[in-house]
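In what follows, a single structure is set out as structure tokens and then discussed.
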There are 2 protein chains.
Amino acid sequence: MKWDTLDEEPCSLSRTVAVVGDRWTLLILRECFLRVRRFEAFQSSLQITRHLLSERLKKLVRFGILRRVPYSEAPKRYEYILTQKGLDLYPIIMAMVHWGDTHMGDERGRPLLHEHKTCGKLFDPVMVCSECGEVLHAKQVHVHAGPGREEAVG
Amino acid sequence: MKWDTLDEEPCSLSRTVAVVGDRWTLLILRECFLRVRRFEAFQSSLQITRHLLSERLKKLVRFGILRRVPYSEAPKRYEYILTQKGLDLYPIIMAMVHWGDTHMGDERGRPLLHEHKTCGKLFDPVMVCSECGEVLHAKQVHVHAGPGREEAVG
DNA sequence: GGCTATAGTTCTAAAATAGAACTGTCAAAC
DNA sequence: GTTTGACAGTTCTATTTTAGAACTATAGCC
């Protein structure tokens, strides 16, 4: 497959996969949501090779998920900060964390707990229908071809 | 990194990434949710090499995400069907589709539309707090170390 | 000048992937 | 009863990606 044009496929999943569909990118984003911002910090917490880190950060900047913000003029140093587009990846990350909590846990219990500042409680993320608010399940969803792909699928 | 032990890391995201954190696996899962079940069907719709498809399906079976169910005795033929653990990946896939719809769209419009059979409407998936039902945003969440990782993080 | 911190780049060896051909089983067609 | 075709893989080689370590560059501090 030509991964370099995956972001132009008539499929929103493919387009997302083009951006965040590799292991390092997802782990880098986890660090971003944990407020990590600097090259050395990413490198030492992830044990990623510097080469790949450099490349992945560039890619995330290119796709508008991170902004490269100077925090020192001489020498020039930059921090990588989530844009709104990047912050909007939160449901993906949280869905993955929740699935891991549910299905890949061990006897030690959850690695992290999440507190919702708005209500003050420890919570799990739940995916609901924007129209009726009910919890979503795969079997209750029917797929239609949209304007971006008129041939029927599924 | 030792990707082969990523599923034992004290981090639910890492564990999930160990299972679904590569491009082909995510695309294969998309097909699963579109009711694709057979080797040839995956291969022809994804243009994945047979080698990799074989390997990824084995991995998904090994992790309990797909079941290999015989549908013909002679010759022996199998279908790959989502288990409950696999069906529970739905929020991840939908979160990715929704992000792609929102941030990677083009002038043609959405490739697919989703209808919630329960309420009959076209919908978007929304992630909410299990406790108060409010829509979740990254900045409203505070992270605590859980029993599975007592050293503080973030 | 020598040491440290930060943010990368460059190099070679090892691993993963692409692309195509091949194997084996059986049913149906000729 | 031989050929064709569908299905579900496996095997092979060439190319691409990644790992791991070393190197470069800028500047502050002693």
Side-chain angles (χ1 to χ4, degrees), chain A residues 1-7 9 14 17-29 31-32 35-63 66-81, chain B residues 1-7 9 14 17-29 31-32 35-63 65-82:
Chain A
M1 169 161 295
K2 0 86 240 135
W3 295 117
D4 45 328
T5 57
L6 193 60
D7 57 322
E9 293 273 304
S14 295
V17 166
V19 183
V20 301
D22 75 280
R23 295 187 279 211
W24 282 128
T25 299
L26 287 164
L27 295 176
I28 289 168
L29 287 169
E31 298 300 308
C32 291
R35 318 292 198 268
V36 171
R37 305 178 156 193
R38 298 187 183 179
F39 191 92
E40 294 293 320
F42 287 111
Q43 206 275 320
S44 70
S45 75
L46 291 173
Q47 297 295 101
I48 183 176
T49 65
R50 310 175 73 73
H51 182 108
L52 282 194
L53 176 57
S54 173
E55 192 163 18
R56 291 293 192 277
L57 290 172
K58 270 183 202 151
K59 181 173 139 189
L60 288 169
V61 169
R62 184 154 34 84
F63 276 114
L66 297 177
R67 253 177 318 142
R68 195 154 168 272
V69 180
Y71 72 92
S72 150
E73 279 307 318
K76 278 270 185 190
R77 300 250 184 280
Y78 298 90
E79 289 188 320
Y80 295 89
I81 303 195
Chain B
M1 169 161 297
K2 4 82 236 138
W3 295 117
D4 44 330
T5 56
L6 194 60
D7 56 322
E9 292 273 304
S14 295
V17 165
V19 183
V20 302
D22 75 280
R23 297 187 277 212
W24 282 128
T25 298
L26 287 164
L27 295 175
I28 288 168
L29 286 169
E31 298 300 306
C32 291
R35 316 298 199 261
V36 171
R37 305 178 156 193
R38 298 186 183 180
F39 191 93
E40 294 293 320
F42 287 111
Q43 206 275 319
S44 72
S45 75
L46 291 174
Q47 297 296 100
I48 183 176
T49 65
R50 310 176 73 72
H51 183 108
L52 282 195
L53 176 57
S54 172
E55 193 162 19
R56 291 293 192 274
L57 290 173
K58 271 182 203 152
K59 181 174 139 188
L60 288 169
V61 169
R62 184 153 36 82
F63 276 114
I65 287 167
L66 297 177
R67 253 178 318 142
R68 196 155 166 270
V69 179
Y71 73 91
S72 150
E73 278 306 317
K76 277 271 184 189
R77 298 247 186 281
Y78 299 91
E79 289 187 321
Y80 295 89
I81 302 195
L82 286 164

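Each chain gets a letter, A, B and so on, in the order the sequences are listed, and its residues count up from 1.
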- [ ] For the side chain of A/K58, starting at C-beta, report the closest nucleotide among D/dA8, C/dT9, D/dT10.
- [x] C/dT9

Open item on the list: If we ignore hydrogens and angles and just use 3.5 Å, is the side chain of B/Q43 paired with the main-chain N or O of B/I48 as donor and acceptor?
Closed with: yes

Open item on the list: Without decimals, in angstroms, what is the distance between B/E40 CD and D/dT10 P?
Closed with: 13 Å

Open item on the list: Is there a side-chain contact between B/K59 and B/R62 in this structure, where contact means two heavy atoms from C-beta onward sitting under 4.5 Å apart?
Closed with: yes

Open item on the list: Under 4.0 Å from OP1 or OP2 of C/dG8: is there any side-chain N or O of A/R56 that close?
Closed with: no

Open item on the list: What's A/Y80 touching, base or sugar-phosphate or nothing? Going by heavy atoms closer than 4.0 Å.
Closed with: sugar-phosphate

TODO: Kindly say if B/W24 contacts the phosphate of C/dA18, meaning a side-chain N or O under 4.0 Å from OP1 or OP2.
DONE: yes

Between protein and nucleotides 20-24 of chain C, what N or O pairs are separated by less than 3.5 Å?
none

Open item on the list: Tell me whether A/E79 contacts the main-chain N or O of A/P70 through its side chain, where contact means a donor paired with an acceptor under 3.5 Å.
Closed with: no

Open item on the list: Closer than 4.0 angstrom, basic N to acidic O: yes or no for B/R50 and B/E40?
Closed with: yes

Open item on the list: Please report the distance, rounded to the nearest Å, between CZ in A/R37 and C1' in C/dT6.
Closed with: 17 Å

Open item on the list: Can you work out whether A/K76 or B/E79 has the more 5'-proximal nearest nucleotide on DNA chain D?
Closed with: B/E79

- [ ] Would you indicate whether the side-chain heavy atoms of A/Y71 and A/R77 approach each other to under 4.5 Å?
- [x] yes

Task: Between D/dT11 (P) and B/L53 (CG): distance, integer Å - done: 16 Å

Task: Nucleic acid contacts of residues 67-75 of chain A, taken as heavy-atom distances under 4.0 Å to DNA chain D - done: A/A74, A/P75

Task: Separation of C/dT9 P from A/I48 CD1 (nearest whole Å) - done: 14 Å

Task: Among B/R38, B/R67, B/E31, B/R68, side chain to side chain donor-acceptor pair (under 3.5 Å) partner for B/Y80 - done: B/R68

Open item on the list: Between A/L6 and A/V19, is there a side-chain heavy-atom distance shorter than 4.5 Å?
Closed with: no

Open item on the list: Quick one, B/D7 and B/F63 - any side-chain contact, counting heavy atoms below 4.5 Å?
Closed with: yes

Open item on the list: In whole Å, I'd like the distance from the CG atom of B/L52 to the P atom of D/dA8.
Closed with: 18 Å

Task: Side-chain touch A/Y78/A/S72, heavy atoms, less than 4.5 angstrom - done: no

Open item on the list: Is there a side-chain contact between A/W3 and the phosphate of C/dA18, meaning an N or O under 4.0 Å from OP1 or OP2?
Closed with: yes

TODO: Measure from CG on B/D4 to P on C/dA15 and round the result to the nearest Å.
DONE: 11 Å

- [ ] Send over the distance from B/R23 CZ to D/dT16 P, rounded to a whole Å.
- [x] 14 Å

TODO: Rounded off to whole Å, could you give me the CZ-to-P distance for the A/F39 and C/dA7 pair?
DONE: 8 Å

